[in-house]
Amino acid sequence: HSEPPPFGWLKFNFNSSWRSDPEISGIGWIIPDHTEAHICSGCTTVEATSSSFQDKAMGFLQALQIVWMKGWRDIWSESDKLELTKMINHQEENNEIGILLIDIKHWMGKLPECSLDHTNRERNCVADVLARRVIFLSTFHVWKPKVEYRKCSESY
């Protein structure tokens, strides 16, 4: 498990699955509270982008929109893509995700407290499993608490 968010905050871990051949990419997220109780998780497919980096950015944007729609405002997010984390935190520009970066900054600005930190892949494994799994489901799913997850090391 990854580290819980501070009291009063929610955290979401997100990930994406990208392959050069399919027409869709998968995005997965999981949201625990400060006690690590499972609040919500989900996954969806999006039209495939041209790179894994674009998919990670799209995953972050999707997760930001989900928490906004649910009415949650104090958010701590984690990604295993260090380059994306640095780019967003230092407000760097990037031609590969230019328009996505503008959208991400817009949605982050709508949340009074919103941070993005880097985590290792092992601590982001549930979001990774969901992102890979949804490609086979080809639809949008959101799960409520008490969902049982398979081991993160299980491959799909």
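Note: Met108 CE to Leu61 CG = 11.5 Å, rounded to the nearest 0.5 Å. Once rounded to the nearest 0.5 Å, the distance linking CG of Leu100 with CE of Met58 reads 5.0 Å. If you take NE2 on His90 and CD1 on Ile88, they are separated by 11.0 Å, rounding to the nearest 0.5 Å. In this structure, NZ in Lys81 is found 4.5 Å from OG in Ser52, a value given to the nearest 0.5 Å. Once rounded to the nearest 0.5 Å, the distance linking CG of Leu82 with OG1 of Thr119 reads 11.0 Å. To the nearest 0.5 angstrom, Asn15 atom CG is 12.5 Å from Ile30 atom CD1.
Sparse packing is recorded around NZ of Lys86, with 12 or fewer heavy atoms of other residues, nucleotides or ligands lying under 6.0 Å away.
Looking at heavy atoms from C-beta onward, Leu130 lies in side-chain contact with Ser41 at the 4.5 angstrom threshold. Counting only heavy atoms from C-beta outward, the side chains of Cys40 and Lys70 approach each other to under 4.5 Å. Side-chain contact check for Val67 versus Leu10: every heavy-atom pair is 4.5 Å or farther apart. Trp72 has its side chain within reach of Ile39: a pair of non-hydrogen atoms, C-beta onward, lies under 4.5 Å apart.
Taking the side-chain hydrogen bond (donor to acceptor under 3.5 Å, both in side chains) definition, one finds that Glu96 meets it with Ser51, sequence neighbours left out. In terms of the side-chain hydrogen bond (donor to acceptor under 3.5 Å, both in side chains) criterion, residue partners of Arg121 (sequence neighbours excluded) are, by chain and number, Asp80, Asp128. Evaluation of the side-chain hydrogen bond (donor to acceptor under 3.5 Å, both in side chains) rule for Asn120 yields no partner, not counting sequence neighbours.
Nearest heavy-atom pair across Ala131 and Gly28 is CB-N, 3.5 Å. Minimum heavy-atom separation, Lys56 to Phe14: O-CE1, 3.4 Å. Nearest approach of Pro32 to Lys11, heavy atoms of both residues: CD-O, 2.9 Å. Closest non-hydrogen pair, Ser17 versus Ser25, comes out as O-CB, 3.4 Å. Shown here for Glu78 and Asn124, the closest heavy-atom pair between the two residues is O-OD1, 4.1 Å.
Checked by atom type and distance alone, the side chain of Ser77 pairs as donor or acceptor with a backbone atom of Ser115 at under 3.5 Å. Within the 3.5 Å criterion, the main-chain N or O of Leu116 finds a donor-acceptor partner in the side chain of Asn89. No donor-acceptor pair closer than 3.5 Å links the side chain of Thr44 to the backbone N or O of Ile27. The closest donor-acceptor contact from the side chain of Asp55 to the backbone of Gly26 lies at 3.5 Å or more, if one exists at all.
Grouping the Ile, Leu, Val, Met, Phe, Trp and Tyr side chains by contacts below 4.5 angstrom, directly or via other members, places Leu64 apart from Ile102. Hydrophobic cluster membership differs between Trp76 and Ile31, with clusters built from Ile, Leu, Val, Met, Phe, Trp and Tyr side chains linked at under 4.5 angstrom. Under a hydrophobic-cluster definition in which Ile, Leu, Val, Met, Phe, Trp and Tyr are linked whenever side-chain heavy atoms come within less than 4.5 Å, directly or via other members, Ile104 and Met69 are assigned to the same cluster.
Both tests do not hold together for Arg73 against Trp9: distance to the six-membered ring centre under 6.0 Å, angle to the ring axis within 45°.
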Kindly determine whether Ile66 and Phe12 satisfy side chain to side chain contact (heavy atoms under 4.5 Å, CB included), including the steps that lead there.
-> CA-CA 10 Å; Ile66 297 276; Phe12 69 81; over 6 Å; no

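Note on ring orientation: taking the six-membered ring where Trp is involved, the planes of Trp107 and Trp68 are perpendicular (angle over 60°, cut-offs 30° and 60°).
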